[in-house]
Participant: 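Supplied in structure tokens, the structure appears directly below.
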Number of protein chains: 2
Amino acid sequence: MQRSVKMKDVARAAGVSVMTVSRAFRKDASVRPETRDAILKVAEDLGYVFDSTAANLRSQKTDFVAVTIPSINNANFAETVAGLSEVLSNEGLQVLLAYTNYDIAQEERAIEQLLRRRPEAIVVTGGKHTPRARRLLEGAGIPVVEAWDLPADPIGHVVGFSNAATMEAMVDHLVAQGYTRIAFIGGDADADTRGADRRRGFIAAMAAHGLTCDRLIEAGPPPISMREGAEAMGRLLDMHPDTQAVVCVSDLSAFGALTECQRRGLGVPRDIAVAGFGAYEIANVCVPTLTTVDPFPRSIGEEVANLILHALDHPGERLIRKLSPRLVIAASTQVRSD
Amino acid sequence: MQRSVKMKDVARAAGVSVMTVSRAFRKDASVRPETRDAILKVAEDLGYVFDSTAANLRSQKTDFVAVTIPSINNANFAETVAGLSEVLSNEGLQVLLAYTNYDIAQEERAIEQLLRRRPEAIVVTGGKHTPRARRLLEGAGIPVVEAWDLPADPIGHVVGFSNAATMEAMVDHLVAQGYTRIAFIGGDADADTRGADRRRGFIAAMAAHGLTCDRLIEAGPPPISMREGAEAMGRLLDMHPDTQAVVCVSDLSAFGALTECQRRGLGVPRDIAVAGFGAYEIANVCVPTLTTVDPFPRSIGEEVANLILHALDHPGERLIRKLSPRLVIAASTQVRSD
DNA sequence: TTGAAAGCGCTAACAC
DNA sequence: GTGTTAGCGCTTTCAA
């Protein structure tokens with residue numbers, strides 16, 4: 001089969017002008033239906049594949065939406081991207097994805113590369129960026145969406161929630177269950193900004209209840225794995241054996257912590273309560289089920305997509321969509337009453 | 001900041017021709033170092049962002065590598081994409097990702113859309129495609145890689161392994177442990193071809209040992225979740241309470257099955273052995289740790305990337321890279337000897 | 001509904 | 001090391 005069959009070749013074979021072939025490939029253009037069918041058949045027979053690169057240049061439209069996420073290997077961000085892709089692909093838009101590895105310097109590089117592709121809009125995870133990244137986004141001339149966070153000084157649109165505030169509800173719940181010696185397991189404070197916000201929220205919520213906050217365990221650089229969660233739990237139990245409850249920065253580390261309790265013969269929640277964040281599937285399947293926070297990651301993606309579609313039609317508007325994660329109370333933090 | 005600052009504007013501001021600006025943006029081009037630095041500074045000050053769409057058209061190079069995966073929300077495929085992206089991005093190549101939802105009709109549409117973007121190479125997961133998808137790939141005139149499988153009739157290059165063969169080692173191990181009444185939990189036979197291959201391999205391996213294969217549990221359309229694994233395990237235990245071991249199509253369903261045993265008060269491996277596939281992190285963290293098969297998903301991605309880099313320099317060669325997954329024996333299938 | 005001419009913003013090719 | 005000319009494969013624009 002031929003490489004580089006062009007519109008011109010299809011046009012010649014179909015006995016029409018290139019412009020008519022061009023129209024035949026656009027669903028909204030006016031071409032006689034029989035002409036279109038004939039052209040598409042000829043194109044298929046010749047093995048013609050439409051060349052977007054040329055169309056993009058001439059029409060100054062790429063139908064790309066650029067997205068940065070910290071890591072592809074994270075069920076929450078993957079869900080967001082899945083929701084985003086699904087909505088956008090129905091509108092003929094394609095996601096162009098880049099990873100930042102939880103590093104704003106890498107984010108800056110990713111943003112620069114992505115903007116060169118001339119996307120219609122760009123979505124970044126989180127609200128902390130290098131000054132240059134911020135400048136690039138501000139000057140891009142396209143809708144910018146910051147997701148998964150509520151930046152104090154947004155660049156453009158926002159679809160997110162307060163990571164810190166989710167910890168209030170969590171600590172309130174634990175205190176209501178009678179726990180007072182509560183620990184937090186999380187990553188390095190500065191790298192994963194959403195995790196750091198949760199830690200900050202945890203500390204604030206403990207203070208609001210007049211509780212001391214002397215059990216903050218560092219589990220290393222993000223993302224915190226199950227194994228790191230288990231190791232951190234081991235250190236916590238060694239240092240503070242009288243801990244009554246532990247909040248983990250994610251369900252993955254929480255599950256790791258849970259297994260460490262299993263290995264040590266500690267009952268959850270009988271001897272110690274464990275909670276996570278993210279409403280990963282495992283939280284709902286493991287034994288006991290894990291108390292967690294559901295940030296509705298797929299909805300975030302869908303909301304971002306809908307916001308972009310709206311913003312492309314209504315330039316100038318700035319939309320802030322504040323979402324409300326839900327505390328999901330499960331067996332791992334509930335005092336049994338039997 | 002200005003939208004649509006072009007090379008021409010940078011050239012004028014820097015007092016050089018556009019061609020010199022063009023050269024300044026290519027690391028290999030010959031420009032006087034001082035000239036380049038001056039140009040890049042002027043460009044940054046003007047807020048110029050290089051336009052790939054124009055460069056791509058003129059140079060007939062996009063630096064895209066197209067990739068289809070069944071689902072983004074799968075740690076194994078995510079690892080493959082991560083390995084692929086990392087190696088390719090070092091060479092200035094960017095991954096353009098599309099999802100198929102384990103559906104070859106959707107794969108065909110994804111391939112068509114991806115080829116319109118004129119990628120330098122295309123990677124598809126698996127070796128089963130619609131006739132038209134196959135024709136598109138064959139006629140694309142770029143390196144084609146089928147990954148995660150060993151197709152009987154490859155389109156181009158291959159980086160994969162025999163999913164069926166992995167089950168031989170698994171069944172051999174279980175039989176060596178003394179198990180004979182062994183079940184398989186998997187998805188619908190036709191959708192997830194890799195899962196179907198594992199089931200086929202399981203059946204063949206059982207036959208090779210002279211064992212009957214009357215415990216094949218259908219857990220629904222792929223991907224099989226933890227929850228579906230748990231439900232399938234429930235059905236298995238209800239129908240065949242004397243089952244001694246169960247092989248699950250993935251670690252996620254295996255973990256679900258494990259939790260179902262926990263809920264029913266069955267000891268693993270004391271009362272029943274459980275094994276999975278994929279070497280997901282959970283297999284190495286849960287209690288007991290799960291016997292599984294490690295297909296080295298990140299290596300698959302890295303191998304694919306290296307193969308593509310080689311193929312771009314050596315057209316005409318056809319490379320078949322056959323990988324060997326490793327059986328990882330863990331606590332969940334080992335008869336305790338204490 | 002269809003066609004002809006012009007050009008999107010870069011870079012290949014060649015000249016100096 | 002730098003500049004000039006032409007053109008990548010489409011779509012915009014205008015005309016019929």
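In what follows, chains carry the letters A, B, and so on, assigned in the order in which the sequence lines appear, proteins first and then strands, with residues in each chain numbered from 1.
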Participant: In whole angstrom, give the distance that lies between atom CD1 of A:I39 and atom C1' of C:dT2.
Facilitator: 10 Å

Participant: Please compare A:S22 and B:T35 by the position of their nearest nucleotide in DNA chain D and report the one closer to 5'.
Facilitator: B:T35

Participant: Looking across every strand, which nucleic acid part, if any, lies under 4.0 Å from A:V18 by heavy atom: base, sugar-phosphate, or nothing?
Facilitator: nothing

Participant: Nearest to the side chain of A:M19 - C:dA12, D:dT2, C:dG3?
Facilitator: C:dG3

Participant: Would you indicate, yes or no, if C:dA13 has its OP1 or OP2 atom less than 4.0 angstrom from a side-chain nitrogen or oxygen of B:R23?
Facilitator: no

Participant: Are A:F77 and A:Y99 an aromatic pair by the rule of ring centers under 6.0 Å?
Facilitator: no

Participant: Please report, rounded to the nearest Å, how far the P atom of C:dG9 is from the CZ atom of A:R116.
Facilitator: 17 Å

Participant: Within the pair B:S17 and D:dG3, is there a side-chain N or O less than 4.0 Å away from OP1 or OP2?
Facilitator: yes

Participant: Give the rounded distance in Å between these two atoms: CZ of B:R12 and P of D:dT2.
Facilitator: 20 Å

Participant: Keeping B:H314 on the side-chain end and B:H310 on the backbone end, is there a donor-acceptor pair under 3.5 Å?
Facilitator: yes

Participant: Just how far, in rounded Å, is C1' of C:dG3 from CZ of A:R32?
Facilitator: 15 Å

Participant: Minimum heavy-atom separation for B:P70 to B:R194, with atom names?
Facilitator: CG-NH2, 3.4 Å

Participant: To the nearest Å, give me how far apart CG (A:D63) and C1' (D:dC10) are.
Facilitator: 14 Å

Participant: Tell me which residues in residues 48-58 of chain B lie within less than 4.0 Å of DNA chain C, going by non-hydrogen atoms.
Facilitator: B:Y48, B:F50, B:D51, B:A54, B:A55, B:R58

Participant: Is any side-chain N or O of B:T20 closer than 4.0 Å to OP1 or OP2 of D:dT2?
Facilitator: no

Participant: Within this structure, what is the NZ-to-P distance between B:K6 and C:dG7, rounded to whole angstrom?
Facilitator: 13 Å

Participant: Less than 6.0 angstrom from the centroid, inside 45 degrees of the normal: does B:R117 satisfy that with respect to the ring of A:F50?
Facilitator: no

Participant: Only counting residues at least two apart or in another chain, list the ones meeting salt bridge (charged side-chain N to carboxylate O under 4.0 Å, His left out) with A:E112.
Facilitator: A:R132

Participant: Answer yes or no: is there a donor N or O on one side and an acceptor on the other, between the side chain of B:S85 and the main chain of B:V81, under 3.5 Å?
Facilitator: yes

Participant: Within a strict 4.5 Å, meaning less than it, do heavy atoms of the B:Q60 and B:R118 side chains meet?
Facilitator: no

Participant: Nearest whole Å is fine: how far is D:dG1 C1' from B:E34 CD?
Facilitator: 11 Å

Participant: Think A:S30 has a side-chain N or O under 4.0 angstrom from the OP1 or OP2 of C:dT1?
Facilitator: yes

Participant: Starting at atom CZ of B:F25, determine the distance to atom P of C:dG9, rounded to an integer number of angstrom.
Facilitator: 16 Å

Participant: Need to verify one output field. Residue with the more 5' nearest nucleotide on DNA chain D, A:M7 or B:R36?
Facilitator: B:R36

Participant: For a quick test of reading the model: is some side-chain N or O of A:Q60 closer than 4.0 Å to OP1 or OP2 of C:dG9?
Facilitator: yes

